[in-house]
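Worksheet: one structure, shown below.
These figures come from a predicted structure and were not determined experimentally. Per chain, numbering begins at 1; letters A, B, ... match sequence-line order.
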2 protein chains.
Amino acid sequence: MSRRPLKRPGTGLDPGPLPGLIGYRLRLAQQTVFRDFAASVPGVSPGRIGMLLLVEANPGVTQSRLAQAVGRDRSTMVGVLDQLEAKRLVERRKGADRRTNGVWLTRAGRSLLARAKRAIADHEQRVAARLSAAERAKLLELLGRIGA
Amino acid sequence: MSRRPLKRPGTGLDPGPLPGLIGYRLRLAQQTVFRDFAASVPGVSPGRIGMLLLVEANPGVTQSRLAQAVGRDRSTMVGVLDQLEAKRLVERRKGADRRTNGVWLTRAGRSLLARAKRAIADHEQRVAARLSAAERAKLLELLGRIGA
DNA sequence: GCAAATTGTTTGAAGTCAAAACAATATGAG
DNA sequence: CTCATATTGTTTTGACTTCAAACAATTTGC
């Protein structure tokens with residue numbers, strides 16, 4: 001919150017103290033990364049692909065545990081799963097505990113995910129293009145120490 | 001996109017390949033940081049405080065250049081400035097080019113920003129609590145290389 | 001002087017999210 | 001076993017953020 005860096009060439013605007021804040025840099029980086037991701041995997045947003053990956057790794061997981069895992073409200077998950085179910089990527093099945101729904105990937109979901117994974121691998125390489133392998137690992141580690 | 005890390009203790013869910021993706025870690029970190037920021041500076045969102053800092057560093061900047069600086073559409077800026085003007089934190093003044101509005105901080109805006117800056121300094125320390133000064137600098141640098 | 005570009009604005013739409021209240025179902029204490 | 005309590009998924013409502021297209025006012029450039 002003290003020193004004033006150089007103006008940004010693109011806009012000609014003085015960015016003020018913002019570039020010294022971790023939160024600001026996180027937002028810029030995330031914006032860039034998500035934009036590339038969205039272009040790499042059209043039709044399904046980054047967050048939704050994340051959901052599919054979570055379901056793949058935990059077949060039959062309940063909606064509540066899914067919500068808890070991504071830090072969203074239970075009620076939010078309803079609409080999300082409605083979306084994914086409308087696209088035939090997942091399906092809900094009544095559990096032994098009949099209050100719960102187990103969530104499973106459909107065949108189409110698994111197929112889309114397989115395709116997405118290849119696109120994600122390319123995407124990840126583009127994102128880390130300006131980073132050495134060691135730097136990339138360091139970044140992941142530092143982010144992990146920030147993000148709980 | 002290959003190895004499968006340990007389950008997260010909190011949820012008991014297998015996170016799958018997500019923790020190996022930079023975008024995922026960015027989202028988690030940003031979520032944590034923004035949550036702390038929002039609690040530190042109540043009433044005005046992180047993005048809005050960013051706007052105020054930008055206006056402070058560039059008094060009289062036009063709406064379009066502001067929009068361009070934060071990567072938003074021109075039309076988006078209208079509502080944002082309406083908000084801030086309704087809270088008497090900024091004001092618009094017709095420019096020499098009478099198509100444009102110059103944006104300026106009000107006295108209340110400067111006062112709120114001064115208070116916010118102290119809160120942000122504390123916030124930044126909490127965010128970087130688990131990082132050495134060198135690690136914090138390294139993180140900012142690596143994020144800069146990701147985020148355009 | 002006049003066509004073309006720029007600026008701020010309005011309108012309409014989409015996407016994301018949370019909070020509160022509800023029915024169905026399960027759990028646990030007695 | 002019974003009945004108060006908790007949990008799960010859902011609906012409804014509302015807030016927030018964003019973009020795109022169309023428009024009038026104004027400026028710029030040929």
Side-chain angles (χ1 to χ4, degrees), chain A residues 11-13 27-28 30-32 34-35 37-39 41-52 55 58 60-87 90-104, chain B residues 11-13 23 27-28 30-32 34-35 37-39 41-51 55 58 60-87 90-104:
Chain A
T11 69
L13 240 59
R27 186 162 65 95
L28 284 189
Q30 205 206 10
Q31 202 164 298
T32 300
F34 269 45
R35 205 158 276 174
F37 189 107
V41 187
V44 189
S45 73
R48 298 300 179 263
I49 292 289
M51 291 291 314
L52 293 180
V55 172
N58 305 273
V61 65
T62 65
Q63 302 186 192
S64 283
R65 298 221 316 157
L66 224 36
Q68 184 189 357
V70 298
R72 300 281 167 267
D73 191 88
R74 216 159 78 242
S75 62
T76 301
M77 203 51 52
V78 176
V80 172
L81 291 176
D82 284 350
Q83 278 180 10
L84 295 176
E85 215 171 27
K87 293 182 178 174
V90 305
E91 61 178 352
R92 292 184 248 220
R93 298 185 207 156
K94 272 270 163 278
D97 180 338
R98 300 231 310 283
R99 290 171 303 183
T100 67
N101 288 332
V103 183
W104 312 76
Chain B
T11 71
L13 240 60
R27 187 163 65 94
L28 284 190
Q30 206 205 11
Q31 202 164 298
T32 300
F34 270 44
R35 207 157 274 176
F37 189 107
V41 188
V44 189
S45 73
R48 297 302 180 262
I49 292 289
M51 291 292 313
V55 172
N58 304 272
V61 64
T62 65
Q63 300 186 194
S64 283
R65 299 220 317 157
L66 224 34
Q68 183 188 358
V70 298
R72 301 280 168 267
D73 191 88
R74 216 160 75 243
S75 62
T76 301
M77 202 51 52
V78 177
V80 172
L81 290 176
D82 284 351
Q83 278 181 10
L84 295 176
E85 216 171 26
K87 294 183 179 177
V90 305
E91 60 179 352
R92 292 184 251 219
R93 298 184 207 157
K94 274 267 165 277
D97 181 338
R98 301 230 310 282
R99 289 171 304 184
T100 66
N101 289 332
V103 182
W104 311 75

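Spacing between atom CG of A:L84 and atom C1' of C:dG15 amounts to 14 Å, rounded to whole angstrom units. For B:Q30 and C:dC17, the CD to P distance is 12 Å, given to the nearest whole Å. With rounding to whole Å, A:L66 atom CG is found 13 Å from D:dT8 atom P. When rounded to the nearest whole Å, the span between CE of B:M51 and P of D:dT17 equals 12 Å. If you measure from atom CD of B:E85 to atom P of C:dG8, you get 13 Å, rounded to the nearest angstrom. Atom CE of B:M77 is separated from atom P of D:dA20 by 14 Å (rounded to the nearest Å). C:dT9 atom P lies 7 Å from atom CG of B:D82, rounded to whole Å. Atom pair A:K87:NZ and C:dG15:C1' shows a separation of 11 Å (rounding to whole Å applied).
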>> Between A:T32 and A:L28, is the side chain to side chain contact (heavy atoms under 4.5 Å, CB included) condition met? List the steps.
In response: CA-CA 6 Å; A:T32 300; A:L28 284 189; 5.6 Å; no

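Looking at the side chain of B:R74, the nearest of the listed nucleotides D:dA22, D:dT26, C:dA19 is D:dA22. Closest to the side chain of A:V78, from the set C:dT10, D:dT17, D:dT11, is D:dT11. For A:R48, the side-chain atoms get nearest to C:dT16 when compared with the rest of C:dT16, D:dT18, C:dA26. Of the candidate nucleotides C:dG8, D:dT10, C:dA18, C:dG8 has the atom lying nearest to any side-chain atom of B:T100.
Using a 4.0 Å cut-off between charged nitrogen and carboxylate oxygen, B:E91 and B:R93 count as a salt-bridge pair.
Checked by distance alone, B:R99 brings a side-chain donor or acceptor within 3.5 Å of a matching partner on the base of C:dT6.
Judged purely by atom type and a 3.5 angstrom limit, B:E85 uses its side chain to pair as donor or acceptor with the backbone of B:R92. For the pair B:K94 (side chain) and B:R99 (backbone), a donor-acceptor distance under 3.5 Å is absent.
The side-chain heavy atoms of B:Q31 and B:R27, taken from C-beta on, include a pair separated by under 4.5 Å. Side-chain contact between B:Q68 and B:R74 is absent, with no heavy-atom pair separated by less than 4.5 Å.
The shortest distance between the side-chain N/O atoms of A:R98 and the OP1/OP2 oxygens of D:dT7 is not below 4.0 Å. Residue A:T76 has a polar side-chain atom (N or O) positioned under 4.0 Å from OP1 or OP2 of C:dA18. Close to D:dT7, at under 4.0 Å from its OP1 or OP2, lies no side-chain N or O of A:R65. A sub-4.0 Å separation between OP1 or OP2 of D:dA20 and a side-chain N or O of B:S75 is absent. A:Q83 has a side-chain polar atom (N or O) that falls below the 4.0 Å cut-off from OP1 or OP2 of C:dT16.
Nearer the 5' end of DNA chain C, as judged by each residue's closest nucleotide, is the contact made by A:S45, out of A:S45 and A:D97. Judged by closest nucleotide on DNA chain D, A:N101 is the one of A:R35 and A:N101 placed further toward the 5' end. Residue A:G71 is the one, among A:A96 and A:G71, whose nearest nucleotide of DNA chain C lies closer to the 5' end (criterion: closest heavy atom).
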